[in-house]
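Comments concern the structure below.
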Amino acid sequence: MKVMKFGGTSVGKPERMRQVSQLITRDTEPKIVVLSALSGTTNALVEIGQSIAGGDREQARQQIARLDAHYQEFIRGLVKRDKTIAKAKAVVAEHFEFLTIILKISFSEALNKDILAQGELLSTKLFSLFLEDSGIDHVLLPALEFMSIDAHDEPRINSIKTKLGQLLEQHKDKNLFITQGYICRNARGEVDNLKRGGSDYSASLIAAAINASVCEIWTDIDGMHNNDPRMVKKTRPIEQLSFEEAAELAYFGAKILHPASIWPAQFYKVPVKLLNTMQPEAKGTLITEEAGSDGVKAIAAKDGIIAINIRSSRMLLAYGFLRKIFEVFEKYRTPIDMITTSEVAVSVTIDSATDLKSILKELEPFGTVEVEENYTIVSIVGNEITRTPEVLSKLFEALVPVPIRMVSYGGSKHNVSLLIPFANKTQTLQLLNKGLFGLE
Ligand code: ADP
Ligand code: ASP
Ligand code: MG
């Protein structure tokens, strides 16, 4: 059995859904198809939630009406038979009635999660109707019945395995299953999600749970590129990556993959393929345990980074100092991305300002604390690159004009990370594209 995940652009137009239906029926291997919301929908739902949270219900009403009109147009192009047209209209009406009712209820974070879930619920129900319209036998599996996270927002992999297994068992004679990416239930049983871009994570978790032959991530580009195509003109697809390399690239900002989407596939040894819905014959990127080749493979960048510097002369020879500092971040469940130390100071970076104030307060007793915001981590990833001496020389030669704030080297054999001001991000990615890949 295999998993095929299609992102927002891949289902964003009626003709794209038609293309997806062709891709999922090309072979007879049983499959679970994971769908995102139509492109633009989750952003629209985020805005609706923000309007309601801000007390501007009239604005929310207008935003809901605009989205509703988009779906009316969408179903006109999607289904042809009278019976399915009526069903599609009923589906859209049901979900937009729900959003309208929400306008009248007092806002809460839990309610916001319900709003955000509408996109995937709509896309899968409409796709299922399209398949029905086309006479393609399938089963719609509700992700809210098997996908769950615990009190720390971590997926409950054993429970997912059991519940999904039970659902599949009920439809033993079927070959094609459709389900929602992104959405799940939390420890309180409420509707929740796997964070933005989370459909990749859903796909990988499902692939791990069913021990799939492959987890295919179908998107709007022909695989992982060597640099961010939104920032740099000339980029090229990478044929093969190891799980480690892919995980580093995803974690350090390559938007094509959700940051956490690699570990489930890696842990359960399911190969991942990144493929292009618009260009299905393109090779794409294969991600397995093998790196395929050594040397620099790709560069990724992660924004919104905060650097915290703690200076203390008492640190000199003081064992236990770092532990005490790390404990503060642990207490607030805030991961540290980069760290550099000297005898009298330590600098760390974090990517979330949620508990920044409390963290700073608790760090104060350890020394002088300074905070700098608006940084970007640029990661250079490739198998064994830290053992390739010319990488470092080329790297620093290329980046002479860039004010580098921190360097992390040697923590992983596959990654060198630099902290630079966000303002220098595009310049850095372009200089590295030339310096490391010879691409301008
Ligand atoms: P989907 O909606 O299918 O999940 P995303 O928009 O989340 O698609 O991810 C695909 C996009 O990721 C591409 O269109 C591309 O602009 C962006 N991207 C950023 N970095 C990379 C990279 N290194 N390789 C390929 N795509 C990248
Ligand atoms: N629809 C969700 C989002 O836009 C999840 C996803 O597309 O992966 O973030
Ligand atoms: Mg995505």
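Atoms within a ligand are numbered from 1 in the order they appear, just like the ligands themselves.
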Ligand-residue contact atoms, ligand 1 with [X], heavy atoms, under 4.0 Å:
X: G223; result: 24 (N), 25 (C)
X: G7; result: 1 (P), 2 (O), 3 (O)
X: I221; result: 13 (C), 25 (C), 26 (N)
X: G8; result: 2 (O)
X: D220; result: 10 (C), 11 (C), 13 (C), 14 (O)

Exercise. Between D220 and T9, is any side-chain donor less than 3.5 angstrom from a side-chain acceptor?
Worked result: yes
Exercise. Any side-chain donor-acceptor pair under 3.5 Å between H414 and E245?
Worked result: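 No donor-acceptor contact under 3.5 Å links the two side chains.
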Which residue supplies the protein heavy atom nearest to [atom], what is that atom called, and how far is it?
atom: atom 1 (P) of ligand 1; result: T219 OG1, 3.6 Å
atom: atom 6 (C) of ligand 2; result: S199 OG, 3.4 Å
atom: atom 12 (O) of ligand 1; result: I256 N, 3.5 Å
atom: atom 23 (N) of ligand 1; result: H225 O, 3.2 Å
atom: atom 4 (O) of ligand 2; result: R196 NH2, 3.0 Å
atom: atom 27 (C) of ligand 1; result: P229 CD, 3.6 Å

Exercise. Tell me the ring-ring contact (aromatic ring centres under 6.0 Å, His included) pairs involving residues 44-75, sequence neighbours left out?
Worked result: Y71-F96
Exercise. Is F267 atom CZ crowded by more than 12 heavy atoms from other residues, nucleotides or ligands, each under 6.0 Å away?
Worked result: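 No, not enclosed.
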Exercise. More than 12 foreign heavy atoms under 6.0 Å from CZ of R156: is that the case here?
Worked result: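 For R156, atom CZ is not crowded (no more than 12 foreign heavy atoms under 6.0 Å).
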Indicate yes or no: at least one non-hydrogen side-chain atom of [X] is less than 4.5 angstrom from one of [Y].
X: V381; Y: F252; result: no
X: R333; Y: D153; result: no
X: K269; Y: E289; result: yes
X: L176; Y: L131; result: yes

Provide the number and element of each atom of ligand 2 under 4.0 Å from a heavy atom of [X].
X: T42; result: 1 (N), 2 (C), 3 (C), 4 (O)
X: S36; result: 6 (C), 7 (O), 8 (O)
X: E120; result: 1 (N), 2 (C), 5 (C)

Exercise. So, D200 side chain and I217 main chain: donor-acceptor pair closer than 3.5 Å or not?
Worked result: no
For this session: Could you tell me whether L249 approaches ligand 1 through its side chain, its backbone, both or neither, with non-hydrogen atoms closer than 4.0 Å?
Result: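 It is neither; nothing of L249 touches ligand 1.
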Problem set entry | Region of R230 engaging ligand 1 - heavy atom pairs below 4.0 Å |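 Under 4.0 Å from ligand 1, R230 contributes side-chain atoms alone.
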For this session: Before accepting this row, confirm whether a basic side-chain N of the pair D137/K174 lies closer than 4.0 Å to the acidic partner's carboxylate O.
Result: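 Judged by the 4.0 Å cut-off on N to carboxylate O distance, D137 and K174 do form a salt bridge.
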Exercise. Using 4.0 Å as the upper bound for N to carboxylate O, is an ion pair formed by E58 and R61?
Worked result: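 A salt bridge links R61 with E58.
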Problem set entry | Sub-4.0 Å heavy-atom approach of G197 to ligand 2 | yes
Problem set entry | Contact with ligand 2 for G198, non-hydrogen, under 4.0 angstrom | yes
For this session: Look only at interatomic distance and state if K5 has a nitrogen or oxygen under 3.5 Å from any nitrogen or oxygen of ligand 2.
Result: no
Exercise. Are any of the heavy atoms in N227 under 4.0 Å away from ligand 1?
Worked result: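 So N227 counts as touching ligand 1.
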Exercise. Taking the non-hydrogen atoms of K5, is any one of them nearer than 4.0 angstrom to ligand 1?
Worked result: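 Checking ligand 1 against K5, which is what was asked, there is a heavy-atom contact under 4.0 Å.
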Exercise. Which of the listed options, R236, K297, K255, holds the heavy atom that is closest to atom 7 (O) of ligand 1?
Worked result: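 Selected option, by shortest heavy-atom distance: K255.
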Please tabulate, for the side chains in residues 44-57, all donor-acceptor contacts under 3.5 angstrom to protein atoms that are two or more places apart in sequence or on a different chain.
unit_1, atom_1, unit_2, atom_2, d
S51, OG, E47, O, 3.1
S51, OG, Q59, NE2, 3.2
S51, OG, Q63, OE1, 2.8
S51, OG, Q63, NE2, 3.4
D56, OD1, Q59, N, 3.1
R57, NH1, L103, O, 2.1
R57, NH1, I105, O, 3.2
R57, NH2, I105, O, 3.3

